[in-house]
Amino acid sequence: LAAMVLLLVFAAVLTFSTVFAKDKILSGVSVAGINIGRMTKDEALGLINNTIESAMGDKIIKVTYKDKSRGIDISGVSFDVQSAVENAFVVGRSGPLPRRILPYLGAKTYISLTPSFDDKTIKREISEFADEIEKENPAIEYSDDYKVARVDLVNGLIVDVEEVYNKIYSNSGLLIFDDIGAVAKSGGDDITADLLYSRIRREPVNAKYNVINNKPVINKHIVGVDVNYEDISEKLKSGLKVFEVETEVIPPEITAEKLEQSLFADVLGEFTTNYNSSNTGRTKNMAIAAGKINGTVIAPGEIFSFNTVVGERSYQRGYTDANVYIGGRIEQGVGGGICQVASTMYSAQLYADLQTVTRHNHMFTVSYLPLGQDATVAWNSVDYAFRNNTDYPIKITATVSGGLHTVRILGTKTDKSKSIKLINTVISTKDAQEKIIYSDDLEPGKKVVTQTGQKGAVVDTYKVYYKNGVEERREFLHRSSYSPMDRIITASSVPSHQTTSEGEEKTERETQQQAEEEGEQENVP
């Protein structure tokens with residue numbers, strides 16, 4: 001009976017304390033040594049995440065051996081903090097009654113944080129450092145054809161990669177990211193079959209590209225090596241410390257030769273727009289910008305920024321005046337025509353299926369390519385950028401010649417059965433308004449169309465994926481909204497009974513042609 005009464009008292013205390021705690025974690029609860037008692041779940045999440053961020057610092061763990069060191073990138077290490085906090089919150093609130101009572105009696109509750117690792121990458125980095133250490137006195141050497149491994153455990157060094165990795169893993173769970181010392185073993189007495197097997201056996205490494213000074217550089221492939229574990233184990237059991245074992249070559253999927261052959265072998269995407277070559281200022285600007293872009297090589301994962309590559313559009317850099325959009329009107333400005341280069345590249349990029357980072361449509365419609373496929377730029381304010389999201393470097397070629405501007409994106413097409421089409425759907429249009437500006441500079445009664453005006457439009461753009469000519473899926477890219485451009489008529493402030501319709505029509509035709517050529521927004525705030 002006394003035990004029953006005591007249990008009821010505990011239950012009453014438990015119920016009261018839980019209600020009193022409301023939405024807070026109970027006292028005495030910690031996650032990875034971080035005290036989060038009497039905190040809400042949001043407060044605990046913030047504290048733990050901040051502590052992790054502070055503890056990881058530059059996200060590099062240094063592995064050392066004598067005067068050598070190697071920084072291991074741990075930026076990919078993550079923790080399921082949300083689950084840990086949820087587990088902390090239910091302490092004292094769920095489970096058998098005796099277990100629920102313990103926290104209220106002062107018992108501490110420790111909840112661990114389990115790190116999530118890209119173990120292959122980290123082990124490869126440790127293994128590369130181990131190779132460097134062992135190079136001084138190698139315990140393992142391969143024949144030229146990699147079909148035999150010669151083992152010398154008496155004089156050679158062996159680094160236990162797994163030991164270093166396990167130390168990194170266990171320390172990370174404690175939020176310890178200090179330097180770790182590697183131990184090189186020799187003499188053979190404490191060399192196990194597992195350790196020797198792990199150091200003889202090597203995974204193949206594919207050849208890869210790096211881009212250095214805008215040139216592709218190939219990192220050669222490394223063949224893999226496999227070995228029979230039982231063969232190693234038997235030799236060690238028999239007391240051998242110097243011996244040979246047969247090995248098997250594991251070829252990489254991508255060799256340096258294969259990679260070199262695929263270098264810029266395919267046109268991933270291209271697009272051509274027309275321009276009026278008689279407009280010398282605009283043509284010159286386009287040619288300068290295209291020349292800056294032509295030949296640019298972009299490494300896998302790298303971002304191409306139009307403003308970074310092309311640079312400032314100024315007289316000092318050779319650019320000249322041409323028509324641009326400024327404040328809702330077409331006016332002369334340095335660098336007119338640059339947006340056609342950006343827009344042509346954007347269309348080529350879409351066909352190449354590269355990832356858009358930033359793109360803005362023009363304020364007004366442009367006539368040199370379909371609506372929804374343009375990209376405006378303005379130095380120091382509006383950029384156009386995309387990422388090379390392929391596994392290979394890409395090269396951009398850009399030409400301006402004979403009224404045609406062409407951008408090609410060259411790379412390595414891994415699936416030649418895939419093709420892309422772009423669909424631009426006009427959702428709505430809006431007519432331009434007419435404005436009359438009076439001027440004392442015109443002859444009495446005369447009026448001219450100084451800006452023809454353009455309709456506004458709202459356009460949705462889709463990318464459609466085909467495989468062997470059959471549509472697989474379509475992806476919505478973006479909605480482009482273009483404002484209508486006012487139709488502006490300049491009229492004499494002095495009336496006249498004579499008409500000047502012929503002069504007005506001629507000026508309107510010239511202005512319309514000019515507007516179609518110049519659809520730009522360069523230097524527009």
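- Side-chain atoms of Thr490 and Ser439 form no donor-acceptor pair, as typed in the model, at a separation below 3.5 Å.
- For Phe364 and Tyr482, the ring centers sit 6.0 Å or farther from each other.
- Looking only at distances, no side-chain donor or acceptor of Tyr392 sits under 3.5 Å from a matching main-chain atom of Ala299.
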Do Val77 and Ile168 pass the side chain to side chain contact (heavy atoms under 4.5 Å, CB included) test, and can you show the C-alpha distance, the side-chain angles, and the key distance before you say yes or no? CA-CA 11 Å; Val77 176; Ile168 291 176; over 6 Å; no
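- Formation of a donor-acceptor pair under 3.5 Å by the Asn307 side chain with backbone atoms of Val382 is found in this model.
- Residues Arg474 and Glu472 are not paired through a salt bridge, judged by the lack of any N-O separation under 4.0 Å between the basic side chain and the carboxylate.
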Start with the C-alpha gap between Leu422 and Lys463, add the side-chain angles, then the distance that decides, and say whether side chain to side chain contact (heavy atoms under 4.5 Å, CB included) holds. CA-CA 5 Å; Leu422 300 178; Lys463 186 187 291 184; 4.2 Å; yes
Using the salt bridge (Lys or Arg N to Asp or Glu O under 4.0 Å) rule, take Glu434 and Arg487 through it: C-alpha gap first, then chi angles, then the decisive distance, then the call. CA-CA 5 Å; Glu434 185 174 276; Arg487 171 185 167 89; 2.9 Å; yes
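- Using bins of under 30°, 30° to 60° and over 60° for the plane-to-plane angle, the ring pair Phe304/Phe306 lands in the perpendicular bin.
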Begin from the C-alpha positions of Arg202 and Ile222 and carry the test side chain to side chain contact (heavy atoms under 4.5 Å, CB included) through to its verdict. CA-CA 9 Å; Arg202 301 294 178 95; Ile222 301 174; over 6 Å; no
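- With sequence neighbours excluded, no residue forms a salt bridge (Lys or Arg N to Asp or Glu O under 4.0 Å) with Asp73.
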Enumerate, atom names and distances included, each donor-acceptor pair closer than 3.5 Å involving a side-chain atom of residues 45-54, sequence neighbours excluded.
from	atom 1	to	atom 2	distance (Å)
Asn49	ND2	Leu45	O	3.1
Asn50	ND2	Gly46	O	3.1
Thr51	OG1	Leu47	O	2.7
Glu53	OE2	Lys59	NZ	2.9

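- For the residue pair Ser417/Lys467, the side-chain donor-acceptor check at 3.5 Å is satisfied.
- Between the Asn214 side chain and the Val297 main chain, a donor and an acceptor come within less than 3.5 Å of each other.
- For the pair Arg70 and Glu132, the salt-bridge criterion is not met [side-chain N within less than 4.0 Å of a carboxylate O].
- Gln82 and Glu86 share a donor-acceptor pair across their side chains, judged by distance under 3.5 Å alone.
- Taking the six-membered ring for Trp and thresholds of 30 and 60 degrees, Phe271 and Tyr351 have nearly parallel ring planes, at less than 30 degrees apart.
- Remark: the Ser493 side chain and the Asp440 side chain contain an N/O donor-acceptor pair separated by less than 3.5 Å.
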